[in-house]
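Heads up, the thing below is written out as structure tokens.
Counting from 1, the numbers follow the sequence of the chain as shown.
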Amino acid sequence: MQVTRRLEFDAGHRIPDHRSQCRHLHGHRYAIEITLAGDIILQAGDPANGMVMDFSEIKSLANEHLVAVWDHSFLVYSGDTTVVEFLESLPNHKTVILPCIPTAENLAEEAFRILDRVYQDTYGNNLRLERVRLYETPNCWVDAIRK
């Protein structure tokens, strides 16, 4: 069985090597879909009985470990030193320095890496993260999937 929870957040970024508009500082209203796979929990009397994982718990964990960290931040590649130095000069600016250029593909892969540790099998139902789908725009998205 697979279950998916969708969340949204706003963040800025730039793609420093891009030959078009994306090389400029700009932002997106991102949407992220988190798909978990596992068996349906069969534990009478337990609040999770009949579920793979409670949708509210999927949301809570994603918010704590990823969405709240990235929301209303500027996602910047550590090697983009001009922008990193500029953002560091702004008092109390919410900046997330990444080990990769913040393309949709790299952000989805980074989100998968972060969230893969978060969703743990606590009921013996073989729970695992299967996919992170990241929408950069309503018409453009990428999927990071379990290999």
Side-chain angles (χ1 to χ4, degrees), residues 1-41 47-48 51-147:
M1 179 70 60
Q2 291 186 339
V3 297
T4 301
R5 177 68 198 231
R6 179 184 172 104
L7 297 100
E8 296 181 359
F9 63 95
D10 299 294
H13 77 148
R14 86 172 189 128
I15 312 302
D17 299 326
H18 203 269
R19 297 191 196 286
S20 188
Q21 299 298 330
C22 292
R23 73 182 180 279
H24 302 295
L25 305 177
H26 65 285
H28 295 281
R29 175 73 176 175
Y30 289 96
I32 187 168
E33 293 177 356
I34 299 154
T35 300
L36 305 175
D39 302 324
I40 296 172
I41 297 164
M51 303 175 188
V52 172
M53 182 178 227
D54 190 309
F55 287 120
S56 66
E57 190 173 356
I58 297 170
K59 177 184 177 181
S60 176
L61 289 168
N63 274 332
E64 178 184 349
H65 295 278
L66 182 82
V67 174
V69 177
W70 287 9
D71 188 35
H72 284 83
S73 71
F74 197 89
L75 307 171
V76 62
Y77 170 48
S78 61
D80 194 354
T81 55
T82 302
V83 174
V84 169
E85 289 171 8
F86 167 70
L87 294 171
E88 288 175 342
S89 76
L90 300 175
N92 302 312
H93 189 271
K94 190 173 180 185
T95 303
V96 176
I97 299 175
L98 299 166
C100 55
I101 295 170
T103 60
E105 295 87 343
N106 283 337
L107 292 175
E109 188 171 70
E110 185 71 7
F112 192 101
R113 184 189 64 73
I114 291 165
L115 294 174
D116 194 33
R117 307 185 291 247
V118 170
Y119 295 104
Q120 301 297 316
D121 182 356
T122 57
Y123 286 93
N125 68 331
N126 302 306
L127 182 73
R128 67 193 173 281
L129 180 63
E130 279 297 311
R131 184 191 79 201
V132 168
R133 174 170 283 175
L134 184 73
Y135 290 84
E136 188 171 83
T137 71
N139 300 316
C140 300
W141 67 86
V142 297
D143 290 327
I145 57 174
R146 179 163 301 285
K147 297 175 186 174

Closest non-hydrogen contact found for Met53 with Tyr119 is SD-CD2, 3.7 Å

For the CD1 atom of Ile58 and the CG atom of Leu127, what is their distance to the nearest 0.5 Å?
8.0 Å

Using the rule given for side chain to side chain contact (heavy atoms under 4.5 Å, CB included), can you reason through Glu130 versus Gln2, listing the C-alpha separation, both sets of side-chain angles and the distance that settles it, and then say yes or no?
CA-CA 8 Å; Glu130 279 297 311; Gln2 291 186 339; 3.9 Å; yes

Main chain of Pro16, side chain of Arg23: is a donor-acceptor contact present, judged purely on distance under 3.5 Å?
no

Would you sort out whether Thr137 and Asn139 count as a side-chain hydrogen bond (donor to acceptor under 3.5 Å, both in side chains), showing the intermediate values?
CA-CA 5 Å; Thr137 71; Asn139 300 316; 5.2 Å; no

Indicate yes or no: at least one non-hydrogen side-chain atom of Ile97 is less than 4.5 angstrom from one of Glu88.
yes

Closest contact, heavy atoms only, Glu8 versus Ala31:
CG-CB, 4.0 Å

Got a second to check how far Leu107's CG is from His28's NE2, nearest 0.5 Å?
9.0 Å

Verify side chain to side chain contact (heavy atoms under 4.5 Å, CB included) between Val118 and Glu64, making sure each step is shown before the conclusion.
CA-CA 10 Å; Val118 170; Glu64 178 184 349; over 6 Å; no

Report, as yes or no, whether the 6.0 Å neighbourhood of atom CD on Glu33 holds more than 12 heavy atoms from other residues, nucleotides or ligands.
yes

What's the separation between atom SG in Cys100 and atom OH in Tyr77, rounded to the nearest 0.5 Å?
8.5 Å

First locate atom CE of Met51, then atom CG of Asn125, and finally report the distance between them rounded to the nearest 0.5 Å.
12.0 Å

Roughly how far apart are Leu75 CG and Thr103 OG1, rounded to 0.5 Å?
11.0 Å

Heavy-atom closest pair (Val96 atom, Ser73 atom, distance to 0.1 Å) is CG2-OG, 3.7 Å

Which residues pass the salt bridge (Lys or Arg N to Asp or Glu O under 4.0 Å) test with Asp10, sequence neighbours left out?
Arg29

Just jot down the side chain to side chain contact (heavy atoms under 4.5 Å, CB included) partners of Ala48, sequence neighbours excluded, or say none.
Ile41, Asp46, Tyr123

Evaluate Glu110 against Leu134 for side chain to side chain contact (heavy atoms under 4.5 Å, CB included), listing each step before the verdict.
CA-CA 11 Å; Glu110 185 71 7; Leu134 184 73; over 6 Å; no

How many angstroms lie between CG in Leu98 and CH2 in Trp70, if you round to the nearest 0.5 Å?
6.0 Å

By the definition side-chain contact (heavy atoms from CB on, under 4.5 Å), identify the one residue from Leu129, Thr4, Val3, Leu61 that meets it with Ile34.
Leu129

Answer yes or no: does atom CD1 of Ile145 have more than 12 heavy-atom neighbours from other residues, nucleotides or ligands under 6.0 Å?
no

Assign the ring pair Tyr30 / His13 to parallel, tilted or perpendicular, where the plane angle (0 to 90°) is split at 30° and 60°.
perpendicular

Nearest non-hydrogen partners of Ala144 and Ala108, listed with the distance
CB-O, 3.6 Å

Where Ala111 and Ile32 come nearest, the two heavy atoms and their spacing:
CB-CD1, 4.0 Å

Where Ala62 and Leu7 come nearest, the two heavy atoms and their spacing
CB-CD1, 4.1 Å

